[in-house]
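Okay, so here's the structure we're looking at.
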Amino acid sequence: MAIELEPEYYLDNFRQLTDFVTVRYSDLLDLDEARFLSDFAVLSRDAQKLYVRMLTRKGDVFRRSKLQYAEITDIDEAARELARMDFIDTNPSLSLDTILKLFSKPEITAAVGDESLNRLRRDELEQSLLADATRIPELIACVASLDELFLLCRAQVFDTLKLLFFGNLRQDMTEFVLKDLGLYTFAEYSLDDESRFFHHRDQVNAHLHYYGVLDQFTDDDLQDASRLTELIAQLPVAPQEDRVLRRRVERVKLKFARQLERLGDLDLALAWYRECQTPPSRERQSRILIQQSEIEAGLALCETILETPRNEEELVFAQSFGARTARKHKHPWRKIKAYKPPEYSLVLPNQGQRVEMAVQNYFNESVATDSAGDNTCYYVENTLINSVFGLSIWEMMFASVPGAFFNPFQIMPSDFYERDFVECRKPLYEQWQTRVSSSDELSRCVLQNYERYYGQLNPLVFWGNIEPELLKTACHLIPITDWQHLFQRIFTDIKHNRSGLPDLILFHPDGLNPEFDSPLVTDRSYQLVEVKGPGDKLQKNQLRWMTYFAEHDIPHSVLNVTWDESP
DNA sequence: ACCTCGCACCCAACT
DNA sequence: CGCGCGGCAG
DNA sequence: AGTTGGGTGCGACTGCCGCGC
Ligand SMILES: [Mn+2]
Ligand SMILES: [Mn+2]
């Protein structure tokens with residue numbers, strides 16, 4: 001399905017972006033931004049096209065010969081016009097370093113006239129040319145004369161416009177293309193002219209400030225504790241009401257603090273963790289304290305977590321790490337026994353396939369034929385349960401709620417992972433509850449939404465893994481009370497409980513033959529099986545799900561597979 | 001896929 | 001020469 | 001020796017082309 005784009009698609013996309021910003025945010029624009037828009041509007045079409053082409057390419061300096069676009073009638077004339085209007089500089093003063101990056105090795109050595117330089121690696125070549133400061137002006141003139149060089153100007157203004165449009169700087173103009181090519185289909189949601197992500201200029205500036213700090217960050221900084229500290233200190237202080245910015249800033253702080261830990265700067269890491277509320281901040285603090293032999297403080301923090309856990313993972317951490325540490329240092333501790341799921345093992349011939357597939361095939365060839373023949377095993381991991389959940393809450397997810405949607409390329413509402421997602425959609429939640437009150441209702445709703453929304457992006461719905469047949473089977477063979485329990489746990493923390501579901505699901509409407517020699521559940525119509533190959537072990541999120549399964553009588557087990565390597 | 005998810009592989013500490 | 005990587009385009 | 005916990009690292013429309021080694 002090769003979809004052709006209009007020859008000037010990129011200019012059209014740029015216009016869509018600027019129109020969107022103009023309609024919603026004219027009151028937040030500063031003078032530079034307003035000038036940018038009005039100057040751009042009076043450019044010739046050729047000039048507009050060339051400028052947008054340059055904007056969407058990497059870097060800000062370009063060689064004339066590398067700008068070849070058939071759909072632009074006269075590139076040189078367009079460039080002159082852009083220069084007159086200050087959109088580009090056709091005679092920029094650039095450092096030798098910058099200029100060298102634009103040319104290939106053979107071009108540089110030929111221009112310099114020293115073939116012996118060919119033996120050097122690219123980075124060595126640059127080093128050697130930059131080494132002699134007295135030769136630099138001469139070399140700049142020499143290399144730069146190989147081609148006309150254009151410097152892109154006012155690109156920061158466009159960054160601000162993109163930020164206003166998307167609400168972030170992670171997305172870019174490729175969203176338009178991917179959508180138009182049919183690679184992405186977004187769900188329908190209402191985006192009226194009043195849907196705004198930003199409400200004050202100060203807020204825009206704070207977000208720009210945040211991305212400015214990220215921009216300064218390079219991979220080398222990860223090895224430099226003082227540099228990391230400097231960067232964290234520069235991050236903006238997000239106001240209480242800007243939840244998105246708070247989330248973003250906090251994530252970066254956690255990441256940098258974690259890196260300070262790796263670099264061995266535990267005190268600094270601790271100090272920055274203390275500035276953060278979100279997990280795993282307190283977990284890391286506790287670990288550091290214990291590492292520093294601050295046993296009392298470390299255990300006290302575990303106690304605090306036990307009293308006010310921010311999420312289940314943090315709670316489980318405090319229970320197990322607290323108990324282990326207390327035992328080791330002979331402190332009293334009220335220990336809670338960790339759940340051990342039923343486990344059994346199986347030896348299979350190694351045919352080079354994924355271990356989950358090997359087990360699925362094994363089940364389909366043996367256990368599945370156990371009774372009437374309606375038994376089947378699917379390798380679904382998170383996809384089945386999340387998809388059924390996602391299809392069932394579709395209307396709630398894309399409902400019009402203030403602040404939830406603000407750009408045309410969202411795959412979910414901005415508050416989807418927030419604690420109060422349900423609270424903010426109470427009436428729809430109550431409707432949803434009636435829809436999941438019986439197997440027939442659930443099945444009807446899920447299959448209907450499958451047809452209605454097929455292919456539309458949704459972080460919970462995995463279109464490639466679910467067929468109506470499977471959905472129907474699952475809705476009927478997993479009892480509605482089990483579905484309600486599964487949904488309930490996902491709703492309590494969508495972000496974290498979307499994952500960790502077992503690899504396989506077995507359906508057996510008439511149960512299984514109890515003679516079958518394994519701890520498989522025999523008296524239920526389905527069961528979930530987590531497969532573990534050699535060397536693998538239950539992940540934390542998998543164990544949390546299994547603990548919950550045990551509490552709610554959801555049939556489950558862990559199957560350890562070893563390979564039979566004998567010929 | 002608002003930079004994840006599950007697994008593979010490694011290491012250290014414990015039993 | 002062939003391979004892997006990254007930029008670019010649609 | 002074997003187990004357990006913890007850490008890190010890896011992939012992500014596709015297809016083409018120039019570059020570096
Ligand atoms: Mn798995
Ligand atoms: Mn598994």
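The figures here come from the full heavy-atom set of this structure, side chains too, leaving out hydrogens, waters and symmetry mates. Proteins get letters first, then strands, A, B, ... in listed order; numbering begins at 1 in each.
For the segment residues 52-65 of chain A, residues with any heavy atom less than 4.0 angstrom from an atom of DNA chain C are, sorted by number, R53(A), R57(A), K58(A).
Among pairs with a residue in residues 168-189 of chain A, none fulfils salt bridge (Lys or Arg N to Asp or Glu O under 4.0 Å), at least two apart in sequence or across chains. Residue pairs meeting the salt bridge (Lys or Arg N to Asp or Glu O under 4.0 Å) criterion with at least one member in residues 279-292 of chain A, sequence neighbours excluded, are E261(A)-R284(A), R282(A)-E314(A), E283(A)-R287(A). For residues 398-413 of chain A, no residue pair satisfies the salt bridge (Lys or Arg N to Asp or Glu O under 4.0 Å) rule, not counting sequence neighbours. Screening residues 378-393 of chain A for side chain to side chain donor-acceptor pair (under 3.5 Å), with sequence neighbours left out, gives S392(A)-W432(A).
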For a quick test of your reading: what N or O donor-acceptor pairs under 3.5 Å do the side chains of residues 398-416 of chain A make, sequence neighbours left out?
unit_1	atom_1	unit_2	atom_2	d
S400(A)	OG	S190(A)	OG	3.3
N407(A)	OD1	F409(A)	N	2.5
N407(A)	ND2	F166(A)	O	2.8
N407(A)	ND2	Q171(A)	OE1	3.3
Q410(A)	OE1	F406(A)	N	2.6
Q410(A)	OE1	N407(A)	N	3.0
Q410(A)	NE2	A404(A)	O	3.1
Q410(A)	NE2	M412(A)	O	3.2
S414(A)	OG	G403(A)	O	3.2
D415(A)	OD1	R425(A)	NH2	2.9
D415(A)	OD2	R425(A)	NH1	2.9
D415(A)	OD2	R425(A)	NH2	3.4

Residues 121-129 of chain A side chain polar contacts: donor-acceptor under 3.5 Å, at least two apart:
unit_1	atom_1	unit_2	atom_2	d
R121(A)	NE	D123(A)	OD1	3.2
R121(A)	NH2	D123(A)	OD2	3.2
R122(A)	NE	E126(A)	OE2	2.9
R122(A)	NH1	F103(A)	O	2.6
R122(A)	NH2	L100(A)	O	2.7
R122(A)	NH2	F103(A)	O	3.2
R122(A)	NH2	E126(A)	OE2	3.1
E124(A)	OE1	R121(A)	N	2.9
E126(A)	OE1	K101(A)	NZ	2.8
S128(A)	OG	L125(A)	O	3.2

Only distances under 3.5 Å count here; give the side-chain donor-acceptor pairs of residues 321-329 of chain A to other protein atoms, sequence neighbours excluded, each with its distance to 0.1 Å.
unit_1	atom_1	unit_2	atom_2	d
T325(A)	OG1	F321(A)	O	2.7
H329(A)	ND1	T325(A)	O	3.1

Check residues 105-112 of chain A and write down every donor-acceptor pair under 3.5 Å in which the side-chain atom is one partner and the other belongs to a residue at least two apart or another chain.
unit_1	atom_1	unit_2	atom_2	d
K105(A)	NZ	L120(A)	O	2.8
E107(A)	OE1	R63(A)	NH1	3.1
E107(A)	OE1	S104(A)	N	2.8
E107(A)	OE1	S104(A)	OG	3.3
E107(A)	OE2	R63(A)	NH2	2.9
T109(A)	OG1	K105(A)	O	3.2
T109(A)	OG1	P106(A)	O	3.1
T109(A)	OG1	N118(A)	OD1	3.4

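Side chains of E71(A) and Y10(A): a donor-acceptor N/O pair is present below 3.5 angstrom, by distance only.
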Using a 4.0 Å cut-off on protein heavy atoms (strictly under), produce a 5'-to-3' string for nucleotides 1-15 of chain B with B for base contact, S for backbone-only sugar-phosphate contact, and - for none.
BBS-SSBS-----SS
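Interface limits on DNA chain D: the 5'-most and 3'-most nucleotides within less than 4.0 Å of chain A heavy atoms are dG5(D) to dC21(D).
W545(A) is linked by a ring-ring contact (aromatic ring centres under 6.0 Å, His included) to Y548(A), F549(A), counting only residues two or more places apart in sequence or in another chain.
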